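Written below as structure tokens is the structure these notes are about.
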Amino acid sequence: MEKIELGKIFKDGAVQITLRRSTFDRLQIKPGVNYRGKTQDEVFFQKQEGSVAEFEVVRRMDFEPEGVFEITVVYNIRRNLADEYVNGEVDFRELLKKLTADEFNMLCGNVFSAMSLMIAQYTQVSNGVPMISPPVYCGVAAKPQNA
């Protein structure tokens, strides 16, 4: 599939985002253990109905080794397709595999900022200090590297 310019697939205008769910699980903290926080985002194509394409965005924030807390925030995103792509054959699952971090930010609007804010609120209530996750896409680059 030839890469289609993302800005041409969707109509200009607001991105509709809806919070689906969020979870905050406090875990044990073991004395003397150094925990390394990690943040990872994933974007999944859900469906296309007529002129609307729907995506799910998941942010997970946790630690290695397991401990401290795990947070998951899930949003749905709905975008209106440009007229020429309404009945087209855009394979959104394949398209997502080829997007850059900047393109994910464009596709998802301000959802990453909303996720960052929610995580900061959870962590501030939990321990008095907000933990700020990046307000931008944290995908493949945030995954731990295999040694």
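Everything numeric in this text was worked out from a predicted model, so none of it was measured.
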For the hydrophobic clusters of this structure (ILVMFWY residues joined by side-chain heavy atoms under 4.5 Å, transitively), does one cluster hold both Phe44 and Leu81?
no
Taking the side chain from Gln48 and the backbone from Val86, do they hold a donor-acceptor pair closer than 3.5 Å?
yes
If you group Ile, Leu, Val, Met, Phe, Trp and Tyr by side-chain heavy-atom gaps below 4.5 Å, do Leu95 and Val52 land in one group?
no
Once rounded to the nearest 0.5 Å, what's the spacing between atom CG of Asp62 and atom OG1 of Thr39?
8.0 Å
Test item: Met61 and Val73 side chains (from C-beta on) under 4.5 Å apart, heavy atoms:
no
Check step by step if side chain to side chain contact (heavy atoms under 4.5 Å, CB included) holds for Glu70 and Phe24.
CA-CA 6 Å; Glu70 293 176 350; Phe24 175 56; over 6 Å; no
From Ser51 atom OG to Tyr85 atom OH, the distance as rounded to the nearest 0.5 Å
15.0 Å
Does some side-chain heavy atom of Ser116 sit less than 4.5 Å from a side-chain heavy atom of Ile132?
yes
Is Leu19 linked to Met115 within one hydrophobic cluster, defined over Ile, Leu, Val, Met, Phe, Trp and Tyr using a side-chain heavy-atom separation of less than 4.5 Å?
yes
Backbone N/O of Met131 and side chain of Thr123: donor-acceptor pair under 3.5 Å:
yes
Counting only heavy atoms not in Asp25, do more than 12 fall under 6.0 Å of its CG?
yes
Out of curiosity, Phe63 CZ to Arg36 CZ, how far, rounded to the nearest 0.5 Å?
11.0 Å
Roughly how far, to the nearest 0.5 Å, is CG of Asn34 from CD of Glu64?
13.0 Å
Within 6.0 Å of CD in Glu49, more than 12 heavy atoms from elsewhere:
no
Between Cys138 and Arg59, is any pair of side-chain heavy atoms under 4.5 Å apart?
yes
Do Asp41 and Val58 pass the side chain to side chain contact (heavy atoms under 4.5 Å, CB included) test, and can you show the C-alpha distance, the side-chain angles, and the key distance before you say yes or no?
CA-CA 6 Å; Asp41 296 327; Val58 179; over 6 Å; no
Donor-acceptor pairs under 3.5 Å, side chain of residues 9-16 to any protein atom, not counting sequence neighbours: which ones?
residue : atom : partner : partner atom : Å
Lys11   : NZ   : Asp83   : OD1          : 3.4
Gln16   : OE1  : Arg78   : NE           : 3.4

Check whether any side-chain heavy atom of Val57 sits under 4.5 Å from a side-chain heavy atom of Ile77, and report yes or no.
yes
Under 3.5 Å donor-acceptor pairs involving side-chain atoms of residues 102-114, not counting sequence neighbours:
residue : atom : partner : partner atom : Å
Glu103  : OE1  : Lys3    : NZ           : 2.9
Glu103  : OE1  : Thr100  : N            : 2.8
Glu103  : OE1  : Thr100  : OG1          : 3.4
Glu103  : OE2  : Lys3    : NZ           : 3.3
Asn105  : OD1  : Tyr137  : N            : 2.9
Asn105  : ND2  : Ala101  : O            : 3.2

Quick one: does Gln124's side chain get under 4.5 Å of Val129's, heavy atoms only?
no
For the atom pair CZ (Phe92) and CD (Gln46), what is the distance rounded to the nearest 0.5 Å?
13.0 Å
Tell me, do Gln28 and Val68 make a side-chain contact under 4.5 Å, heavy atoms counted?
no
Any heavy-atom pair between the side chains of Glu66 and Leu27 that's under 4.5 Å?
yes
Do Arg26 and Ser126 touch side chain to side chain, with heavy atoms closer than 4.5 Å?
yes
Side-chain donor-acceptor pair under 3.5 Å between Glu54 and Asn76, yes or no?
yes
Going hydrophobic residue to hydrophobic residue with side-chain gaps under 4.5 angstrom, can you get from Val90 over to Phe45?
yes
Roughly how far, to the nearest 0.5 Å, is the CG atom of Leu99 from the CD atom of Glu94?
11.0 Å
Aromatic ring proximity Phe55/Tyr75, centre distance under 6.0 Å
no
What about Val136 and Leu96, same hydrophobic cluster or not, with Ile/Leu/Val/Met/Phe/Trp/Tyr joined at side-chain heavy-atom distances under 4.5 Å?
no
How far apart are the C-alpha atoms of Lys8 and Glu84, what are their side-chain angles, what is the distance that settles it, and do they pass the salt bridge (charged side-chain N to carboxylate O under 4.0 Å, His left out) test?
CA-CA 9 Å; Lys8 293 181 179 180; Glu84 59 266 29; over 6 Å; no
Under the side chain to side chain donor-acceptor pair (under 3.5 Å) test, residues paired with Arg79 that sit two or more places apart
none
